[in-house]
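Here's the structure, in structure tokens; my notes come after.
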Amino acid sequence: MKEVYTKQSKAYIGLYIFFIFGAAMGDWKVLNQALGALPKVISVGALALAVLYFFWSGNFSKLKEISRFGIMYSSIIIGIILCSILIWIMDLQSLGFIVKGVSKISYQLLNIAIVLAAVYMFEEDAAKYTFIGIAGANFVIILLGAVTTGIGGAVTDMINNITSFGASEVIVNSPFIRAIEIHDITFVMGVFFIYFVFFCPGEKYRFLYAGIAMFLFMAGLKRIAFLSLALAVFFALFCMLLGPKGKARTVMITAVLIVVFCYFYIFIIQKGYFTQFCTEHDIELNGRDRIYDYISQFYEVSPSYRGKGYEFCVQLLKSMRGTKDQVVAINAVHNDILKMYVEMGFWGFFAWIMGYYVYQSHWFLSRCGEKVAVCFMAINVYMLITYMTDNTMFYYWSSMVIRLLPMCFFYAPVKERPLRKTNVLEMNSFEKWIYRKRKRALEQQRTPRMKAQ
């Protein structure tokens, strides 16, 4: 049987990009309103493609490593499911309610399977092909949106939106801007920008891809994402200055600080300090303050708070629709940190956030090395800020990409540029600093428990 190498197979690459493109087109508002999340089923084709390749080639070489990533990612989702089931049983919820709640989160396991399939087939190139599929759909959505205003009008509206930094009056008065405001894909472009700039050493066109990602990031213009991107870039740049031990310490310290910060953030929201601060500084919350204030009556910041179970917040806001209690016209909390605390409870939230940040950070450090751990944390520093005021934690593309990219970087061959001079006596001060930094890095380098093939 002739071996098929998916990394070089135009058929496999083309089909994979097509599946991702087709699924991403489901984020076009016209399709989304008509079909909901149904178009995302197309991305399952990537999983079917990997299964076909596995049975055709019998390639077992990467299965052990891939399965370890799968177990690690899945354990976080299974933990959420088990914690929610325990809460539902204690609240005497019906079996039908429990099944419905479990199904709401279980799609993330399919999301993980698609990530594993992509990396199994294409290794580090899975990031590039996924980006091409999603970015291609984003450009098509922009062109379809331009039909309402024409190319000239679309360009004018986009410039006005960027220069006004997403002013509400610009968005309201522009059908084009409303049409291309695709939240999930816009946030994902920020993640791809970070990856291509800092964590894609072997990609020839990395800066071209980074430029495209930035253009689409600006086109979608999510204001909170600018702060997210700035912090993630600072984190990545800071880690570049450190040796292996410094990178490892920084990743773990950051993970612990995030846990502490999240509890503090929940506390100031529950007490109303967050909305008070935003009001005093004219920070527009678009109704989030009313949601936060309303939900505050259903939880407390206390070790005795046991939680309401996954999807409680969404069901609560849905039940208010059309009643005198309705505070806003949306069903989303727009605050994933608060949502997870309300639903998981004090100790469930603690277990989840320790698993999500501390356990995963340590896992990447010990299994993949400090460079991959920095990639994981830089991406999650970016996503953390979006979690504070949006629903990105379980967005389809966001949750897929933040799992995919650290895996791709694990498989990417890291090659350092050779030094121009090898004799220390001939080096200037900067060259000596680089030389000594590399020497220390080699001495401190950890041996990961997994090694990419």
Should we count CZ of Phe298 as having more than 12 external heavy atoms under 6.0 Å? yes
For residues Gln108 and Arg403, is any side-chain donor paired with an opposing acceptor at under 3.5 Å? yes
Under a 3.5 Å threshold, yes or no: a donor from one side chain and an acceptor from the other, between Ser84 and Glu343? no
Determine whether a donor-acceptor pair (N or O, by modelled atom type, separation under 3.5 Å) exists between the side chain of Lys247 and the backbone of Leu242. yes
With a 6.0 Å cut-off on ring centres, are Phe274 and Tyr265 close enough? yes
Is there a donor-acceptor pair closer than 3.5 Å between any side-chain N or O of Tyr195 and the backbone N or O of Ile402? no
Tell me, which pairs form a salt bridge (charged side-chain N to carboxylate O under 4.0 Å, His left out) where one or both residues lie in residues 33-47, sequence neighbours left out? Asp27-Lys40
Side-chain heavy-atom pair Met72, Phe364 within 4.5 angstrom cut-off: yes
Would a 4.5 Å heavy-atom cut-off, applied to side chains only, mark Ile20 and Tyr129 as touching? no
With a sphere of 6.0 Å drawn around OH of Tyr107, does it hold more than 12 non-hydrogen atoms of other residues, nucleotides or ligands? yes
Does Ser74 reach the main-chain N or O of Ile71 with its side chain, forming a donor-acceptor pair under 3.5 Å? no
Selection residues 384-405 - residue pairs positive for ring pair (Phe, Tyr, Trp, His ring centres under 6.0 Å), sequence neighbours left out: Tyr310-Phe394
Quick test of your reading: applying ring pair (Phe, Tyr, Trp, His ring centres under 6.0 Å), list the pairs with at least one residue in residues 13-43, sequence neighbours left out, ordered by first then second residue. Tyr16-Phe122
Say whether, by atom type as modelled, one donor and one acceptor occur between the side chain of Asn391 and the main chain of Asp336 under 3.5 angstrom. no
Sidechain-backbone polar pair: Tyr357 side chain, Val256 backbone, donor-acceptor under 3.5 Å: no
